[in-house]
Amino acid sequence: MSAEDTSDDGPTGPVNFIRHRIDADLAEGKNEGQVYTRFPPEPNGYLHIGHAKSICLNFGVARDYKGHCNLRFDDTNPVKEDAEFIDAIKKDVSWLGFEWAQLRHASDYFDQLYAYACELIKSGNAYVDSCSADEIREMRGTLKAPGTPSPYRERSVEENLDLFERMKAGEFNDGEHVLRARIDMASGNINLRDPVVYRIRKVNHIRTGDTWSIYPMYDYTHCLSDAIEGITHSLCTLEFEDHRPLYDWILDTLNTPVHPQQIEFGPLLLEYTLLSKRYLLRLVQEGHVDGWDDPRMPTLAGLRRRGFPPAAIRRFCDLIGVTKNAAWTDMALLETCIRDELNVAAPRRLAVLDPIKLIITDLPEDHEEPLTFQNHPQDESQGTRQVPFTRELWVERDDFAEVPPPKWQRLVEGGEVRLRGSYVVKCESLVKDADGKVIELHCTHDANTLGKKPEGRKVKGVIHWVSARHAMNAEVRLYDRLYKTPNPSPEDDLDDVLNPQSLVVMPNAKLEASLATGNTPVQFERLGYFVPDSGTSATGQVVFNRVITLRDTWAKS
RNA sequence: UGGGCCGUAGCCAAGCGGUUAAGGCACCGGGUUUUGAUCCCGGCAUGCGUAGGUUCGAAUCCUACCGGCCCAGCCA
């Protein structure tokens with residue numbers, strides 16, 4: 001390494017093998033020094049966090065190399081696609097924080113694609129096959145045995161052209177003919193055994209309507225769309241490695257003006273999560289979740305409603321890296337990214353999820369004392385707010401124990417605890433109901449402990465509280481991982497692997513009044529991060545979703 | 001007649017023949033703290049799937065083995 005290298009202000013951003021390849025291309029002067037990428041979803045479902053990895057990669061590379069990235073809808077199969085998904089995908093990409101240079105659709109190129117197909121026929125590199133789908137499958141051979149040529153493989157150029165034109169004109173029904181590339185029926189790579197490039201589909205297309213009765217296949221469309229858009233690096237996941245020879249064959253055979261290079265990377269596998277559109281669809285359809293944007297779903301819509309900040313997802317994608325390993329990523333890494341982001345941004349508030357009454361008996365009934373709270377302990381610029389302190393408070397049921405475990409720092413009968421931002425109180429007595437359940441804690445307070453340490457003793461515990469008279473009622477939904485097994489598989493029985501505790505509803509939460517407004521995540525002190533939900537509860541109450549808990553080293557031991 | 005990939009700590013991952021194998025997460029200690037949070041400090045691979053080989057020198061090159069993933073849609 002030379003000294004200049006360290007002072008060089010080349011592209012910034014994460015280090016990975018794809019960026020090394022791009023650096024090498026640039027060093028060789030390829031692509032006139034340009035780096036153009038694309039994110040190419042099929043509009044047949046919602047984007048999930050696995051797509052976020054691809055989005056961050058494609059847009060991130062373009063940004064760091066001062067190139068651009070297109071958003072391209074791969075809409076070549078009208079039977080699976082819906083306009084609803086186009087809007088949802090655009091919204092998700094924007095929400096993640098990226099801007100596409102151009103918005104494109106594979107269907108924009110249907111005319112060019114058709115013309116290219118005619119060229120393929122004319123050069124003897126494609127033919128119309130009139131076998132059935134079953135026959136074609138039969139003749140394709142197996143993983144270990146070569147295929148056999150179709151009886152239609154030697155049709156004349158004229159006949160092929162005529163048939164293909166009539167396919168386009170709608171003279172035939174679905175399945176009667178297909179156009180196949182004429183490559184090598186004996187190839188070890190099955191994708192090269194005369195792949196189908198056009199099929200008849202008499203279906204309305206979301207953008208082209210009834211204009212076409214034939215539609216091009218993915219392998220044929222993708223490389224040409226890349227070439228047409230001048231994409232330099234076509235990044236996709238590992239399962240397309242075997243398709244690269246076909247990608248290259250089509251571009252070489254057609255001798256396109258440019259030849260983008262496909263580079264494959266490992267998909268995201270996240271612990272306690274399953275990311276296949278088919279599987280996510282099942283969760284929705286069978287009612288295991290509340291819809292595509294259920295806060296437990298790994299869809300971007302779900303993560304958004306859950307309150308995950310887009311910056312945290314971007315950070316996560318940077319941290320996991322890009323390699324050719326199909327690696328299971330530890331959920332803790334995502335969680336850390338969420339907490340790091342929220343810790344800096346989220347204002348602190350007081351809220352009690354499972355309330356029990358705490359009465360300060362040595363205070364008058366009408367006592368009301370406004371206390372000043374910092375909105376953020378490390379960020380003074382977030383300012384302060386007033387919180388009313390009164391005789392009757394709500395505190396967390398969990399913060400009192402009749403029989404405390406070892407190292408307990410919270411309230412016990414006869415013990416003292418600090419009320420967050422307020423006084424030290426001592427629990428003098430309990431009130432129980434007929435079943436022996438504690439329903440009230442009667443305390444006295446040390447008037448000399450507001451803003452100071454108590455004299456002559458140490459009080460370690462701090463608990464949060466809300467003035468009973470001022471509290472706002474709310475429903476709080478506690479979300480946890482959807483699966484109870486770290487590496488769920490699509491073969492698993494859902495009843496075995498779904499986490500029955502993935503949603504726990506706290507119907508009777510008491511919130512500090514300042515939480516009545518706002519729609520961004522806040523921290524409920526000592527509990528975690530929470531975000532207002534778009535809806536209300538069955539009883540018309542405000543709803544908060546738990547984004548994530550605070551780190552809790554106490555609970556772990 | 002099979003083809004294509006991948007193995008560096010519990011997880012992710014840098015490394016590209018030349019000092020004691022980056023970094024993050026997790027975990028374990030300790031300090032600060034009116035959130036058991038945050039923050040700070042420290043610890044954490046004599047080792048790179050295994051075995052040989054090449055070399056003055058190998059995680060990096062070669063060979064063989066072992067383990068894992070993907071492919072037989074008129075899906076993408």
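The chains referred to below are lettered A, B, ... by the order of the sequence lines, with proteins before strands, and numbering in each begins at 1.
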Please give, in whole Å, the distance from [N] [atom2] to [X] [atom1]?
| X | N | atom1 | atom2 | result |
| --- | --- | --- | --- | --- |
| Leu47(A) | A76(B) | CG | C1' | 14 Å |
| Glu271(A) | A26(B) | CD | C1' | 10 Å |
| Arg193(A) | G73(B) | CZ | C1' | 15 Å |
| His376(A) | U33(B) | NE2 | P | 19 Å |
| Tyr220(A) | A76(B) | OH | P | 14 Å |
| Trp328(A) | A13(B) | CH2 | P | 14 Å |
| Arg19(A) | G15(B) | CZ | P | 13 Å |

Worksheet item: Closer to the 5' end of RNA chain B via nearest nucleotide, is it Gln409(A) or Asp75(A)?
Response: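 The residue whose closest nucleotide sits nearer the 5' end is Gln409(A).
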
Fill in: First encountered from the 5' end of RNA chain B, between Trp554(A) and Met185(A)
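The 5'-side residue here is Met185(A).
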
Worksheet item: Between Glu525(A) and Arg349(A), is there a side-chain N and carboxylate O pair less than 4.0 Å apart?
Response: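 No salt bridge links Glu525(A) with Arg349(A).
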
Discussion item. I'd like to know if Lys202(A) pairs up with Asp174(A) as an ion pair, taking the criterion as any Lys NZ or Arg NE/NH1/NH2 lying under 4.0 Å from an Asp or Glu carboxylate oxygen.
Written reply: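 No, Lys202(A) and Asp174(A) are not salt-bridged.
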
Counting any heavy atom closer than 4.0 Å, what does [X] reach on the DNA or RNA strands: base, sugar-phosphate only, or nothing?
| X | value |
| --- | --- |
| Gln523(A) | base |
| Met331(A) | nothing |
| Ser132(A) | base |
| Arg244(A) | nothing |
| His20(A) | base |

For [X] and [Y], indicate whether the former's side chain and the latter's backbone hold a donor-acceptor pair under 3.5 Å.
| X | Y | value |
| --- | --- | --- |
| Arg180(A) | Tyr127(A) | no |
| Glu81(A) | Asn77(A) | yes |
| Thr237(A) | Glu239(A) | no |
| Arg420(A) | Arg526(A) | no |
| Thr299(A) | Trp292(A) | yes |

Discussion item. Test of understanding: with side-chain contact (heavy atoms from CB on, under 4.5 Å), list the residues that count as partners of Val417(A), not counting sequence neighbours.
Written reply: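 With sequence neighbours excluded, Val417(A) shows a side-chain contact (heavy atoms from CB on, under 4.5 Å) to Leu411(A), Val425(A), Ile463(A), given in chain and number order.
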
Worksheet item: Thr372(A): what forms a side-chain contact (heavy atoms from CB on, under 4.5 Å) with it, not counting sequence neighbours?
Response: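 Result, side-chain contact (heavy atoms from CB on, under 4.5 Å) vs Thr372(A): Thr384(A), Gln386(A).
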
Which pairs would a plain distance check flag for residues 182-192 of chain A, meaning a side-chain donor or acceptor within less than 3.5 Å of a matching protein atom at least two apart in sequence or in another chain?
residue   : atom : partner   : partner atom : Å
Arg182(A) : NE   : Arg153(A) : O            : 3.2
Arg182(A) : NH2  : Glu154(A) : OE1          : 2.6
Arg182(A) : NH2  : Glu154(A) : OE2          : 2.9
Asp184(A) : OD1  : Ala186(A) : N            : 2.9
Asp184(A) : OD1  : Ser187(A) : N            : 3.4
Ser187(A) : OG   : Asn189(A) : N            : 3.0
Ser187(A) : OG   : Asn189(A) : O            : 3.2
Asn189(A) : OD1  : Asn191(A) : N            : 2.9
Asn189(A) : OD1  : Asn191(A) : ND2          : 3.1
Asn189(A) : ND2  : Asp242(A) : O            : 2.8
Asn191(A) : ND2  : Asp242(A) : O            : 3.1

For [N] and [X] - does any side-chain N or O of the residue sit under 4.0 Å from the phosphate oxygens OP1/OP2?
| X | N | result |
| --- | --- | --- |
| Arg199(A) | A76(B) | yes |
| Arg201(A) | C75(B) | yes |
| Thr323(A) | A13(B) | yes |

Return the polar atom pairs (N/O with N/O) between nucleotides 7-9 of chain B and the protein under 3.5 Å, or none.
residue : atom : partner   : partner atom : Å
G7(B)   : O5'  : Asn325(A) : OD1          : 3.2

Nearest to the side chain of [X] - [options]?
| X | options | result |
| --- | --- | --- |
| Ala133(A) | C74(B), G36(B), A37(B) | C74(B) |
| Val178(A) | C16(B), C6(B), C74(B) | C74(B) |
| Glu42(A) | A76(B), A14(B), C12(B) | A76(B) |

Compile the donor-acceptor pairs under 3.5 Å between side chains in residues 317-334 of chain A and protein atoms, sequence neighbours left out, one pair per line.
residue   : atom : partner   : partner atom : Å
Thr323(A) : OG1  : Asn325(A) : N            : 3.0
Lys324(A) : NZ   : Glu241(A) : OE2          : 2.9
Asp330(A) : OD1  : Ala332(A) : N            : 2.9

Worksheet entry | Partner set under side-chain hydrogen bond (donor to acceptor under 3.5 Å, both in side chains) for Tyr220(A), not counting sequence neighbours |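 In terms of side-chain hydrogen bond (donor to acceptor under 3.5 Å, both in side chains), with neighbours along the sequence ignored, Tyr220(A) is linked to no residue.
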
Discussion item. Apply the syn/anti split at 90° from 0 to G24(B) and say which one it is.
Written reply: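 Classified anti.
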
Discussion item. Just confirming the chi classification of G10(B), syn or anti, using 90° around 0 as the syn window.
Written reply: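 The base of G10(B) is oriented anti (glycosidic angle more than 90° from 0).
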
Worksheet entry | Any residue meeting ring pair (Phe, Tyr, Trp, His ring centres under 6.0 Å) with Phe110(A), in chain and number order, not counting sequence neighbours |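 By the ring pair (Phe, Tyr, Trp, His ring centres under 6.0 Å) rule, Phe110(A) matches His205(A), Trp212(A), Tyr215(A).
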
Discussion item. Applying the side chain to side chain donor-acceptor pair (under 3.5 Å) criterion to Asp446(A), which one of Arg457(A), Lys426(A), Arg418(A), Lys452(A) satisfies it?
Written reply: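 Among Arg457(A), Lys426(A), Arg418(A), Lys452(A), the one meeting side chain to side chain donor-acceptor pair (under 3.5 Å) with Asp446(A) is Arg457(A).
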
Practice prompt. For a side chain to side chain donor-acceptor pair (under 3.5 Å) with Asn173(A), tell me which candidate from Glu171(A), His177(A), Glu176(A) qualifies.
Written response: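 The passing option is Glu176(A).
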
Worksheet item: Taking atom types as modelled and ignoring hydrogens, do the side chains of Thr336(A) and Asp340(A) form a donor-acceptor contact shorter than 3.5 angstrom?
Response: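 On atom types as modelled, these side chains do not qualify, holding no pair under 3.5 Å.
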
Discussion item. Side chains of Arg385(A) and Asn375(A) only: does a donor on one sit below 3.5 Å from an acceptor on the other?
Written reply: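 Indeed, the side chains of Arg385(A) and Asn375(A) share at least one donor-acceptor pair under 3.5 Å.
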
Discussion item. For Watson-Crick and G-U wobble pairs within 3.5 Å on both distances, what is RNA chain B written in dot-bracket notation, | included for inter-strand pairing?
Written reply: .(((((((.[[[..)..(....]]].(((((.......))))).....[[[[[..)....]]]]])))))).....

Discussion item. Contact between Leu511(A) and Phe530(A) at the side-chain level, heavy atoms closer than 4.5 Å - yes or no?
Written reply: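 No, too far: nothing below the 4.5 Å cut-off.
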
Discussion item. Determine whether the aromatic ring of Tyr218(A) stacks with the base of A76(B), defined as ring centroids separated by less than 5.5 Å and ring planes inclined by less than 30°.
Written reply: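 Check failed, Tyr218(A) does not stack on base of A76(B).
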
Practice prompt. Please state whether the rings of Tyr218(A) and Phe240(A) are parallel, tilted or perpendicular, taking 30° and 60° as the class boundaries.
Written response: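 Tilted.
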
Item to complete: Please work out which residues in residues 449-463 of chain A have a non-hydrogen atom less than 4.0 Å from an atom of RNA chain B and list them by number.
Response: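 Heavy-atom cutoff 4.0 Å gives Thr449(A), Leu450(A), Gly451(A), Lys452(A), Lys453(A), Val462(A).
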
Could I get a table of every N or O pair under 3.5 Å where one atom is in the protein and the other is in nucleotides 21-25 of chain B?
residue : atom : partner   : partner atom : Å
C25(B)  : O3'  : Thr336(A) : OG1          : 2.9

Taking only nitrogen or oxygen atoms into account, show me every contact under 3.5 Å that the protein makes with nucleotides 68-72 of chain B, one pair per line with its distance.
residue : atom : partner   : partner atom : Å
A72(B)  : O2'  : Arg140(A) : NE           : 3.4

Response to the item:
Expected string for nucleotides 27-32 of chain B under the B/S/- scheme (protein heavy atoms, under 4.0 Å, primed atoms plus P, OP1, OP2 as sugar-phosphate) is S-----

Worksheet entry | Over 12 non-hydrogen atoms of neighbours within 6.0 angstrom of CZ in Arg199(A) |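 Yes, CZ of Arg199(A) has more than 12 neighbouring heavy atoms, counting only those of other groups under 6.0 Å.
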
